[in-house]
Amino acid sequence: MSLKGKRIGFGLTGSHCTYDAVFPEIEKLVHAGAEVLPVVTFTVKNTETRFGKGEDWIQRIEDLTGNKVIDSIVKAEPLGPKIPLDCMVIAPLTGSSMSKFANAMTDSPVLMAAKATLRNQKPVVLGISTNDALGLNGVNLMRLMATKNIYFIPYGQDDPEKKPNSMVARMSQLSETIEMAIEGKQLQPVIVERYKDGN
């Protein structure tokens, strides 16, 4: 399936260490001819970490997609009725945002965009990056995996020796996952040996 002409919402949450793996995948979507609408959480916009300043990440994604970021719940709500998406992506998806999404807590622009997309019965693709996927957040991960119209970029343990509960998506499979999700299918296998892949 071609992604040319598809309107894709792209949500970033606060897993700052994962952005370098995600931005090349956003670039691939743009080069494939997709219209990419960036959506960010308040954490992404306002936090400065050793991985960079929020304002710099905002500028980078706006330059990459050619669109201004959607950075408020009010701005995200029209992605349901007025500006429908073919697919909404959240990558990286932190454990905190994952637990909120699984429990219907819509307190950020990214989660509002995802909720609006589900309301339209369109796919939401998740690329997890969380230190507790195999801990307390495991129940939320499984709840989302069992939810209609939610799909996952294949994921696995990124450091099973030092962080045995941590799981991260294989971001290099993002475009492929979107293509399958738009057709109503989950890319398989969904559980992969992430730490051996190196991606």
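Numbering starts at 1 and runs along the sequence shown. All values derive from a computational prediction rather than experimental measurement.
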Just so I know, are the side chains of L144 and M98 near enough to count as touching, which here means a heavy-atom distance under 4.5 Å? yes

I'd like to know whether CD1 of I191 has more than 12 heavy-atom contacts from other residues, nucleotides or ligands below 6.0 angstrom. yes

Work out which heavy atom in T65 is nearest to a heavy atom in V30; give both atom names and the distance. CA-CG2, 4.2 Å

When rounded to the nearest 0.5 angstrom, what distance separates CG in L93 from OG in S99? 9.0 Å

Kindly indicate whether the side chain of V40, heavy atoms from C-beta on, has any atom under 4.5 Å from the side chain of I70. no

Quick check: closest heavy atoms across Q186 and V190, and the distance to 0.1 Å? NE2-CG2, 3.5 Å

Rounded to the nearest 0.5 Å, how far apart are CD1 of I8 and CD of E35? 9.5 Å

Hey, are the side chains of L12 and F10 touching, using non-hydrogen atoms and a 4.5 Å cut-off? yes

Do you know which two heavy atoms are closest between T130 and G95, and how far apart they sit? OG1-CA, 3.3 Å

Strictly distance-based, threshold 3.5 Å: is any side-chain N or O of R7 a donor or acceptor partner for the main-chain N or O of P84? yes

List the steps, then state whether side chain to side chain contact (heavy atoms under 4.5 Å, CB included) holds for H31 with E27. CA-CA 6 Å; H31 287 165; E27 188 172 10; 3.5 Å; yes

With side chains defined as the heavy atoms from C-beta onward, is the minimum distance between N67 and E62 less than 4.5 Å? no

Which residues, ordered by chain and number, are linked to L187 in its hydrophobic cluster, where ILVMFWY side chains connect at heavy-atom gaps below 4.5 Å, directly or through other members? M180

Evaluate the side-chain proximity of P92 to V22: yes if any heavy-atom separation is below 4.5 Å, no if none is. yes

Do the non-hydrogen side-chain atoms of I150 and M145 ever get within less than 4.5 Å of each other? no

Looking only at heavy atoms, the pair that brings S175 and L29 closest together is OG-CD2, 3.5 Å

In sequence, state the C-alpha distance, the side-chain angles, and the governing distance for Y155 and L141, and then conclude on side chain to side chain contact (heavy atoms under 4.5 Å, CB included). CA-CA 11 Å; Y155 59 87; L141 176 59; 3.7 Å; yes

Within a 6.0 Å radius of atom CD on E161, are there more than 12 heavy atoms belonging to other residues, nucleotides or ligands? no

Rounded to the nearest 0.5 angstrom, the CG-CD1 distance for L3 and I178 is 6.0 Å

Between T13 and T94, is there a donor-acceptor pair closer than 3.5 Å when you use the side chain of the first and the backbone of the second? yes

Using the side chain to side chain contact (heavy atoms under 4.5 Å, CB included) rule, take M112 and S108 through it: C-alpha gap first, then chi angles, then the decisive distance, then the call. CA-CA 6 Å; M112 174 56 79; S108 76; over 6 Å; no

Note: K75-D71 ion pair, threshold 4.0 Å (strictly below): yes

First locate atom NZ of K6, then atom CG of L85, and finally report the distance between them rounded to the nearest 0.5 Å. 12.0 Å

Is the NZ or CZ atom of R60 both under 6.0 Å from the centre of the six-membered ring of F23 and within 45° of that ring's axis? yes

To the nearest 0.5 angstrom, please state how far the CD atom of Q157 sits from the OG atom of S166. 8.5 Å

Which pairs pass side-chain hydrogen bond (donor to acceptor under 3.5 Å, both in side chains) with one or both residues in residues 136-151, sequence neighbours excluded? N103-N140, N103-R143, D132-N137, N137-N140

Would you say L126 and F101 make side-chain contact, with heavy atoms under 4.5 Å? yes

Where do T177 and V125 come nearest, in terms of heavy atoms and distance? CG2-CG1, 3.8 Å

Please test V168 against I128 for side chain to side chain contact (heavy atoms under 4.5 Å, CB included), starting from the C-alpha separation and ending with a verdict. CA-CA 5 Å; V168 176; I128 67 169; 6.0 Å; no

Is any side-chain heavy atom of V39 closer than 4.5 Å to a side-chain heavy atom of L79? yes

Please report the shortest heavy-atom distance between P81 and R119, naming the atom on each side. CD-NH2, 3.0 Å

